[in-house]
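Structure first, commentary second.
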2 protein chains.
Amino acid sequence: MTASAPGQSRRPTLSDVARRAGVSPMSVSRAMRGESGVSAATRAKVLEVVEELGYRLNDSARSLKLGRGSDLVGVVVTHFANPFYSRLALGVEAVIEKRGMRVILGNTEEDPERERELVQNLLERRVDGIVVVPSSYDHSHMKEQAMRGTPVVLAGRPPVALDADCVLVDDFGGAREVTRRLLEEGHRRVAFIGTPPAAYTGAERHRGYCVALDEQSVPVTSDYVDRSGTDTVTAEAAATRMLRLSTPPTAIFAANNRLALGVLRAIGPRDHIGFAAFDDLEYASLLNRDITFVSFDAEQMGRSAGELLLQRLDERSAGGRHMQAERPVSRVVVQVNVVSQHARSRV
Amino acid sequence: MTASAPGQSRRPTLSDVARRAGVSPMSVSRAMRGESGVSAATRAKVLEVVEELGYRLNDSARSLKLGRGSDLVGVVVTHFANPFYSRLALGVEAVIEKRGMRVILGNTEEDPERERELVQNLLERRVDGIVVVPSSYDHSHMKEQAMRGTPVVLAGRPPVALDADCVLVDDFGGAREVTRRLLEEGHRRVAFIGTPPAAYTGAERHRGYCVALDEQSVPVTSDYVDRSGTDTVTAEAAATRMLRLSTPPTAIFAANNRLALGVLRAIGPRDHIGFAAFDDLEYASLLNRDITFVSFDAEQMGRSAGELLLQRLDERSAGGRHMQAERPVSRVVVQVNVVSQHARSRV
DNA sequence: GGAAGTGACGTTAGCGCTACCTATACCTAT
DNA sequence: ATAGGTATAGGTAGCGCTAACGTCACTTCC
């Protein structure tokens, strides 16, 4: 009620607790960590004072002393608002949380320079590992020399000139499969609305589309391919343009969930136009039309990434004991896609 | 090419760099932080060695020495996969990132015990502040005594028996407004599909619904109210049940985006049934029906939360200089809702 | 020519913890 | 009784940094 201004008072240290409890700092340290070598009475007294003072361990001091990492895992994605990336982060969190570790976040907004800074910053913060969705093909800032033993796992895109584990979606296979379905339904003029070739996933999905057409000896027509899409609006515009051609496509494949929304807007009520998408569309069942889509479990990808990271950490800590291959082979986990179809409900 | 096994070698310290560059540790420290008191030649030499050794500052040691926090802000939400929460985190990140701070993440899965542990853990990690979406009404673990001056901002739900800043959505006003719109369209049998009363937002939205009915002297019928909804599936079941009543509702209000999806599935092609929802539905324009919904900017909420946090931190660091009110007033930022309507396109 | 700067460094100390060691007290077993 | 446990405690040192101060060479001005 009187003296102590709560905001001002210095945070109590372990020694403060010790003084107040009338024991040595070591006893407090032991009591707090539940170690043996403290009598029940001392332990109780210590915990009482801890409670009273609102004392909390100083993690910086602890990890400095122990020379360990920070028990943090960095997750660097391109844009967090996209559910794919937030689910990925969730999956990573679910796995590492069991080891008492936490996730620290970074958004690159597709800017390679920001990505480089972020990785650097995370390393300074002594993260134990990093999961990165690379925003470009330049992965040089994640080379062994720069990382100094901090493991990296790439997600969604494979490493370029880099020895790192990664978790991938079968972009090519998924795109090929859904395109093939459209062709099986009898479509011959199938359009592709995708992202710029510079994006790995976009390039792979485009390749899957091309191969599927090729396999059915359907020529790829440039009029039916748009690879400039970045968001819903541009996709809608591109699809609208195609549908106005004198010989419009009879089906459209949208290469991700953002583009899919735009394309569906462009198609509107013309439900005779075939439609397929890469990514899950949870609202598919509300639309009274046939939809084929490739879905994959982003959370599972995150879990795989987290597990690869933990494996590397375990290997490293065991490394002192038994000799191992001097250049560990990088592991690749490929997500299995699920191709689903929602058929129109004939009302 | 030879000796140094990259994974094994101890991380270089500042002293290692100093030794190698033939200067004192202080000069390295100064050079790295761009401080004055180092000649251009020395600085260049130091940076060269830093590059060569792949040296990185040890942040634990630094923040221990400086006695500052960790430059981390904890963001504790109930479920990260929900776009509302990931956007919230994105907003927080956007604001604090400008101060060189990072976001550290936590998921409670609506479990109050996990929330308590998480907050505790974040405090041990010496976060500079925390943004919490509380999962219950018990906020005692965030009291001044426990926080020891670490500011908290609550998001989405107001503090209970707690002096803390918060950012809120106008749950009551938004729900009242959309319900009113349904009534204005002539509906008299308006159903409510919501979450259990224990959830603050659910309770507020229900209250808004009731008040809107009351204002038009429409009685609240228990047959038309379901507050057991937790996800899409239960909402679909509840809505289906209501629509099978001998006197079914003519309109349904779904209290969040998950429930909305379920309700829309239940309604199916019956587009004469009025529909409103709390939360943005990006796919609204694809459905050939009238929809009224309340939307709010989760990212903006996150930014507001981040700003409140930074203000508190600034006040605290300035606190030494000029005297201030001994009990700072807690601030509340209420998001303005936008009520939008999507009208059916008459094809 | 000596007092008083000025810039470039080095030295010291200590942030808050905990691994490792030493020091008591109090038991056994010989 | 004395050596050898076993539990409980305290002492010491040092993790990797950097604020604060000390040192030294080299100006600059009266």
Side-chain angles (χ1 to χ4, degrees), chain A residues 9-47 49-50 53-71 121 123-128 148 317 320, chain B residues 9-47 49-50 53-71 121 123-128 148 317 320:
Chain A
S9 70
R10 192 178 52 86
R11 274 187 119 106
T13 73
L14 191 135
S15 303
D16 294 334
V17 176
R19 210 175 354 265
R20 182 128 185 176
V23 296
S24 78
M26 262 324 291
S27 296
V28 178
S29 177
R30 281 192 268 253
M32 289 210 60
R33 282 175 299 142
E35 257 190 19
S36 65
V38 214
S39 68
T42 308
R43 188 185 304 272
K45 176 67 188 163
V46 165
L47 295 180
V49 175
V50 162
L53 262 51
Y55 168 73
R56 263 175 245 268
L57 242 140
N58 184 327
D59 204 64
S60 309
R62 181 163 216 268
S63 66
L64 172 60
K65 170 65 189 167
L66 297 183
R68 295 179 342 192
S70 51
D71 282 348
N121 184 274
L123 290 174
E124 277 175 13
R125 290 174 186 276
R126 286 293 187 276
V127 293
D128 291 333
R148 280 269 139 186
S317 57
Chain B
S9 69
R10 192 178 50 87
R11 275 184 119 106
T13 73
L14 191 136
S15 302
D16 295 333
V17 176
R19 211 175 354 264
R20 183 126 183 178
V23 296
S24 79
M26 258 330 284
S27 295
V28 178
S29 177
R30 279 194 268 254
M32 289 210 60
R33 281 175 300 141
E35 256 191 21
S36 66
V38 215
S39 68
T42 307
R43 186 184 306 271
K45 176 67 188 165
V46 166
L47 295 180
V49 174
V50 163
L53 261 52
Y55 168 72
R56 267 179 242 263
L57 241 140
N58 184 327
D59 205 63
S60 309
R62 188 183 156 85
S63 64
L64 173 60
K65 171 65 188 161
L66 298 183
R68 294 178 344 190
S70 51
D71 281 350
N121 184 274
L123 290 175
E124 278 174 15
R125 290 174 185 276
R126 287 292 187 276
V127 293
D128 291 333
R148 281 270 137 184
S317 56

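Within every chain, numbering begins at 1; the chains are lettered A, B, ... in the order of the sequence lines, protein sequences first and strands thereafter. The model shown is predicted, which means the values in this text are computed figures rather than measured ones.
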On a heavy-atom basis, which atom in A:V23 and which in A:V46 lie closest, and how many Å separate them? CG2-CG2, 4.1 Å
Which whole-number value in Å describes the distance from [X] [atom1] to [N] [atom2]?
X: B:E124; N: C:dG16; atom1: CD; atom2: C1'; answer: 14 Å
X: A:L66; N: C:dG16; atom1: CG; atom2: C1'; answer: 12 Å
X: B:D71; N: D:dC17; atom1: CG; atom2: C1'; answer: 15 Å
X: A:E35; N: C:dC20; atom1: CD; atom2: C1'; answer: 12 Å
X: B:K45; N: C:dA8; atom1: NZ; atom2: C1'; answer: 18 Å
X: A:N58; N: D:dC15; atom1: CG; atom2: P; answer: 18 Å
X: A:K65; N: C:dG16; atom1: NZ; atom2: C1'; answer: 11 Å
X: B:L57; N: D:dC15; atom1: CG; atom2: C1'; answer: 15 Å

Contact under 4.0 Å: [X] side-chain N or O vs [N] OP1/OP2:
X: B:S29; N: D:dC17; answer: no
X: B:R33; N: D:dA19; answer: yes
X: A:S39; N: D:dT8; answer: no
X: B:Y55; N: D:dG16; answer: no
X: B:T42; N: C:dC9; answer: yes

Full working for side-chain contact (heavy atoms from CB on, under 4.5 Å) between A:R11 and B:R126: CA-CA 11 Å; A:R11 274 187 119 106; B:R126 287 292 187 276; 3.7 Å; yes
Would you say the side chains of B:S60 and A:S63 form a donor-acceptor pair under 3.5 Å?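 Side-chain D/A pair, B:S60 to A:S63: present.
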Would you tell me whether B:R125 and B:N121 have side-chain atoms, one donor and one acceptor, within less than 3.5 Å of each other? yes
If you assign each of B:L64 and A:R43 to its closest nucleotide in DNA chain D, which residue comes earlier from the 5' end?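 Nearest-nucleotide comparison on DNA chain D picks A:R43.
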So what does B:S63 touch, heavy atoms closer than 4.0 Å: a base, only the sugar-phosphate, or nothing?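 No contact.
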Go through the steps to decide whether A:R19 and A:S15 satisfy the test side-chain hydrogen bond (donor to acceptor under 3.5 Å, both in side chains), and finish with yes or no. CA-CA 6 Å; A:R19 210 175 354 265; A:S15 303; 5.7 Å; no
To the nearest 0.5 angstrom, please state how far the [atom1] atom of [X] sits from the [atom2] atom of [Y].
X: A:D59; Y: B:L64; atom1: CG; atom2: CG; result: 11.0 Å
X: A:T13; Y: A:N58; atom1: OG1; atom2: CG; result: 9.5 Å
X: B:S39; Y: B:K45; atom1: OG; atom2: NZ; result: 12.5 Å

From D:dA9, D:dA19, C:dT18, nucleotide with atom closest to A:V38 side chain: D:dA9
Closest listed nucleotide, where the reference is the side chain of B:A61 and the choices are C:dT18, C:dG10, D:dG16: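 The answer is D:dG16.
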With both distances under 3.5 angstrom, what nucleotide forms a Watson-Crick or G-U wobble pair with C:dT30? D:dA1
Hey, which sits more toward the 5' end of DNA chain C by its nearest nucleotide, A:R30 or B:R126?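 On the 5' side of the pair lies B:R126.
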Mind running a 4.0 Å heavy-atom check of residues 14-26 of chain B against DNA chain C and sending the residues that fall below it, in number order? B:V23, B:S24, B:M26
